[in-house]
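First the structure, in the form of structure tokens, and then the observations on it.
Being a predicted model, the structure only gives us computed values, none of them experimental.
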Amino acid sequence: MISVAVYRDFAPFSYRENGQAKGVDVEIAQVIANGLGVHLDLFELSADENVDDDLRNAIWKGHYLDRKKADIMLHVPYDNELARRNDLVVLFAPYYREDMVVARDIKKLGKDATLGHFRYEKIAVELDSLADIYLSAAFGGSVRNNVLHFPTIQEAADQAIAQNAFGLMGPRSVVEAALGAHMAQYDIGKIPTPGLSRESWLLGLAVKNDYRQLGYAVGDIIAAMVMDGRMKALFEKYGLTYTPPPASFYN
């Protein structure tokens, strides 16, 4: 048996529908278990204040309530600074690149609209997200009054779909998932965002630092999924655009 940590209530990556676990990361976890020839024990993790806390709770220490730990964790930023701060874990096998994007209503704004359009039109974001923080200060604060804040990206997307806002900003995967069948109404992509602290980032896995041999085996499974097209097909199954990590990771 292998215990794989995924985030709870985190569509389109890991969530439950009619009690059944679904999502990109849930399916990756199952491929890992199958590849190792073991049963999957899905560890559903509630996000804490930051990724450092999540790594502690899921991988090297366990939550203070039950001390249960996972063998590996999915959806971890592949980041040098994060790795330096967390020397009890090893980050490995990035499996996709996430981009910060803006979805712009084509009928209202046309194609290739810039952030400058939101000096005059509303744009929706998830409260306290990177997009929210950025838009509150961007362009000398000239967009701030047109930023609509919602508890979740899905609620922000619902307001955009209802035409109460004509833009939506956030990570591409969650923006696309939240817009769902309405995606064709939007021009979705990276646009100039001067001063944004992070436009793209890699997501991968984490393992406890004394489980490196497990990490090597799982890394081979992830590499095969990326290189043979199964990872791309999995993202597309959930209606998502797949951007792979740099080829240098798996060549």
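Rounding to the nearest 0.5 Å gives a distance of 5.5 Å between CG of Asn80 and CZ of Arg84. To the nearest 0.5 Å, atoms CG (Leu205) and CD1 (Ile32) are separated by 5.5 Å. Taken from OG in Ser3 to CG in Leu42, the straight-line distance is 8.0 Å, to the nearest 0.5 Å. Taken from CD1 in Ile72 to CD1 in Ile2, the straight-line distance is 4.5 Å, to the nearest 0.5 Å. The distance from atom CG of Leu109 to atom CG of Asp112, rounded to the nearest 0.5 Å, is 11.5 Å.
With hydrophobic clusters built from ILVMFWY side chains whose heavy atoms lie under 4.5 angstrom apart, Leu148 does not share a cluster with Tyr120. Hydrophobic clustering, with ILVMFWY side chains joined whenever heavy atoms are under 4.5 angstrom apart, keeps Ile106 apart from Val175. Residue Phe150 is not grouped with residue Leu127 when hydrophobic side chains (ILVMFWY) are merged at heavy-atom distances under 4.5 angstrom, including chains of intermediate members. Ile133 and Val51 fall into different hydrophobic clusters, where Ile, Leu, Val, Met, Phe, Trp and Tyr residues are linked whenever their side-chain heavy atoms come under 4.5 Å apart, directly or through other members. No single ILVMFWY cluster, assembled from side-chain heavy atoms under 4.5 Å apart, contains both Tyr216 and Val90.
At distances below 3.5 Å, at least one donor-acceptor pair connects side-chain atoms of Tyr238 with backbone N or O atoms of Gly23. Formation of a donor-acceptor pair under 3.5 Å by the Glu199 side chain with backbone atoms of Met100 is not found in this model. With hydrogens and angles disregarded, no donor-acceptor distance shorter than 3.5 Å links the side chain of Tyr95 to the backbone of Pro245. Of the possible polar contacts, none joining the Gln185 side chain to the Lys107 backbone as a donor-acceptor pair under 3.5 Å is found. Here the side chain of Glu98 pairs a donor or acceptor atom with the backbone of Ser173 at under 3.5 angstrom. Of the possible donor and acceptor atoms, one in the side chain of Ser129 sits under 3.5 Å from a partner among the backbone N and O of Asp132. Arg212 places no side-chain N or O within donor-acceptor distance of the main-chain N or O of Gly215, the cut-off being under 3.5 Å. Listed for the Asn164 side chain is no donor-acceptor partner under 3.5 Å among the backbone atoms of Ala160. Under the 3.5 Å distance criterion, the side-chain polar atoms of Asn146 are matched with a main-chain donor or acceptor of Arg119. Judged by distance alone, with hydrogens and angles left aside, the side-chain atoms of Asp105 form no donor-acceptor pair with the main-chain N or O of Gly167 at under 3.5 Å.
Annotation for Ala206 and Ile59: closest pair O-CD1, 3.9 Å, computed over non-hydrogen atoms. Minimum interatomic distance between Leu91 and Asp79 (heavy atoms only, all atoms of both residues): CD1-O, 3.7 Å. Across all their heavy atoms, Arg97 and Pro244 have their closest contact at CB-O, 4.0 Å. What you find for Pro12 and Leu240 is that their closest heavy atoms are CG-CD1, 3.6 Å. What you find for Val4 and Ala29 is that their closest heavy atoms are CG1-CB, 3.7 Å. Between Leu168 and Ile123, the closest heavy-atom pair is N-CG1, 3.8 Å.
Two residues are said to be in side-chain contact when any heavy atoms from C-beta on lie closer than 4.5 Å; Phe43 and Asp41 fail this criterion. Counting heavy atoms from C-beta on, the side chains of Glu49 and Asp54 never come closer than 4.5 Å. Between Val89 and Val207 there is no side-chain heavy-atom pair separated by less than 4.5 Å. Using a 4.5 Å heavy-atom cutoff, the side chains of Val31 and Arg230 are in contact. By the 4.5 Å heavy-atom criterion applied to side chains, Arg104 and Tyr186 are not counted as neighbours. No side-chain heavy atom of Asn34 sits less than 4.5 Å from a side-chain heavy atom of Ile221. Looking at Val125 and Leu135, their side chains come closer than 4.5 Å, going by heavy atoms from C-beta outward.
Looking only at atom types and distance, the side chain of Asn209 has no donor-acceptor partner in the side chain of Asp87 under 3.5 Å away. For the residue pair Glu44 / Ser14, no side-chain donor-acceptor distance below 3.5 Å is found, with atom types taken as modelled. For the residue pair Ser200 / Asp99, a side-chain donor-acceptor distance below 3.5 Å is found, with atom types taken as modelled. Side-chain atoms of Arg144 and Ser136 form no donor-acceptor pair, as typed in the model, at a separation below 3.5 Å. When only modelled atom types and interatomic distance are considered, Asp25 and Tyr7 share no side-chain donor-acceptor pair under 3.5 Å.
The number of heavy-atom neighbours closer than 6.0 Å to NZ of Lys61, taken from other residues, nucleotides and ligands shown, is 12 or below. Enclosure of atom CD in Glu81 by more than 12 non-hydrogen atoms of other residues, nucleotides or ligands within 6.0 angstrom is indicated.
Relative to the ring axis of Tyr15, Arg8 does not place its NZ or CZ within 45° and under 6.0 Å from the centre. A cation-pi arrangement, defined by a distance under 6.0 Å to the six-membered ring centre and an angle within 45 degrees of its axis, is present between Lys108 and Phe166.
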Show, in sequence, the C-alpha distance, side-chain angles and deciding distance for Lys237 and Glu27, and conclude whether the salt bridge (charged side-chain N to carboxylate O under 4.0 Å, His left out) test is met. CA-CA 11 Å; Lys237 173 182 175 179; Glu27 295 204 30; 2.7 Å; yes

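Taking the six-membered ring for Trp, Tyr78 and Phe249 have ring centres closer than 6.0 Å.
Ring geometry, Tyr96 versus Tyr242: the interplanar angle falls from 30° to 60°, so the pair is classed tilted.
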